[in-house]
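Here is the structure we will look at, set down as structure tokens.
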Amino acid sequence: MAARVLLGRRVAAPFMAATLAGGALIPSVAFAEAPEDLSKKPIYDDFEIPIPQGRRPNAIALFRHHPAGLVTRVAISRDTAAAIGRARLFLYEHATRAEDAVNRGMDQAFHLEKSFTQTVASLAPPRESGEQLMPGLVYVLVAGMAGSIVSRNRNILLRAAAPLALGVGAGWLVLPVTMNNVSGLLWKYEQKFPVIAEAHIRTRENIFKSLEMAKVHSQVSRQYVDEKVTGVRDAVEDWVKKGK
């Protein structure tokens with residue numbers, strides 16, 4: 001009898017030790033049931049209310065979270081939600097169009113500024129030409145004022161043309177490179193209007209023809225005067241010889 005009790009105690013001790021070790025080493029899984037009462041406040045923010053199958057709601061539930069932790073439920077109809085969506089798309093489209101219009105306007109303004117800067121820079125003479133604008137512009141201004149003073153007692157047409165003619169002439173005399181650049185720029189703009197360009201070409205050709213004719217007439221007159229002077233000199237020399 002005593003041997004059975006002793007044997008039972010010796011067998012039970014290792015069995016209890018193995019059971020405790022197995023419970024500590026092998027993890028167990030605990031299952032919890034979901035709450036059936038959905039009217040209570042959830043502990044998580046991302047909580048969705050299940051919708052019964054086979055029934056489509058006519059309203060959309062919105063939740064507003066307040067700083068105090070309260071949740072307000074607002075229900076709106078699907079038509080209202082669709083109208084809000086269309087309004088948002090309408091505002092987005094018009095905002096995009098306005099932004100594009102502003103960008104196009106800024107691009108045009110930058111393009112005009114760049115074109116104006118390049119045009120003004122192209123009129124300046126290069127450094128290797130040795131031409132200086134400051135004294136030359138002063139001379140052109142003085143020539144224009146002189147033309148205005150000279151023609152102050154004449155008719156209005158001469159008073160308008162004399163300063164311009166003297167100023168342009170002084171510009172071609174003291175600033176030939178700059179005036180050439182200005183004339184090239186004016187000609188480029190005149191080519192956009194064929195009528196003005198053709199009138200300019202005809203006027204220029206007439207001026208050149210007039211200058212050529214004046215040059216020819218001056219040469220003929222000089223030759224005529226030289227012949228007359230030579231004839232008079234020969235006659236005087238002959239008269240002097242005969243007088244001796």
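All heavy atoms count here, side chains included; hydrogens, waters and symmetry mates do not.
Side chain of H111 to main chain of D107: no donor-acceptor pair is present (N/O by atom type, distance under 3.5 Å, no hydrogens or angles). Without hydrogens or angle criteria, E131 side chain to V177 main chain gives a donor-acceptor distance under 3.5 Å. In this structure, N180 contributes its side chain and P176 its backbone to no donor-acceptor pair below 3.5 Å. Although no hydrogens or angles enter the test, the distance criterion places a donor-acceptor pair under 3.5 Å between the side chain of S218 and the main chain of K215. Side-chain N or O atoms of R88 include none that pairs as donor or acceptor with a backbone N or O of G85 at under 3.5 Å.
L186 and Y189 fall within a single hydrophobic cluster, where Ile, Leu, Val, Met, Phe, Trp and Tyr side chains are chained together by heavy-atom contacts under 4.5 Å. Hydrophobic clustering, with ILVMFWY side chains joined whenever heavy atoms are under 4.5 angstrom apart, groups F110 together with V102. Hydrophobic cluster membership differs between L166 and I149, with clusters built from Ile, Leu, Val, Met, Phe, Trp and Tyr side chains linked at under 4.5 angstrom. No continuous path of ILVMFWY side-chain contacts below 4.5 Å connects L123 to M134, so the two sit in separate hydrophobic clusters. Under the 4.5 Å side-chain heavy-atom criterion for grouping Ile, Leu, Val, Met, Phe, Trp and Tyr, V174 is connected to L133 within one hydrophobic cluster.
The distance from atom OG of S221 to atom CG of D226, rounded to the nearest 0.5 Å, is 10.5 Å. Taking OG1 of T119 as the reference point, atom CG of N181 lies at 11.5 Å (rounded to 0.5 Å). Between atom CD of residue E212 and atom CZ of residue F208 there is a gap of 9.0 Å, rounded to the nearest 0.5 Å. In this structure, CE on M213 lies 12.5 Å from CG on N206, to the nearest 0.5 angstrom. Distance check: Q108 CD to R104 CZ gives 8.5 Å after rounding to the nearest 0.5 Å. Atom NZ in K209 sits 11.5 Å away from atom CZ in R202 (nearest 0.5 Å).
The side-chain heavy atoms of Y92 and T96, taken from C-beta on, include a pair separated by under 4.5 Å. Side-chain contact between Y139 and P135: present, with at least one pair of heavy atoms (C-beta onward) separated by less than 4.5 Å. Using a 4.5 Å heavy-atom cutoff, the side chains of K188 and L185 are in contact. Looking at heavy atoms from C-beta onward, T230 lies in side-chain contact with R233 at the 4.5 angstrom threshold.
The two residues P163 and G144 make their nearest non-hydrogen contact at CB-O, 3.4 Å. Across all non-hydrogen atoms, the minimal contact from R154 to R159 is O-NE, 3.3 Å. The shortest heavy-atom contact between T178 and P125 is OG1-CD, 3.4 Å.
At most 12 non-hydrogen atoms from other residues, nucleotides or ligands lie less than 6.0 angstrom from CD1 of I156. The environment of CD in Q132 is sparse: at most 12 heavy-atom neighbours from other residues, nucleotides or ligands sit within 6.0 Å.
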* side chain to side chain contact (heavy atoms under 4.5 Å, CB included) assessment of T117 paired with K114 -> CA-CA 5 Å; T117 305; K114 184 178 180 180; 5.8 Å; no
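Using a cut-off of 4.0 Å between Lys/Arg side-chain N and Asp/Glu carboxylate O, R97 and E93 are scored as salt-bridged.
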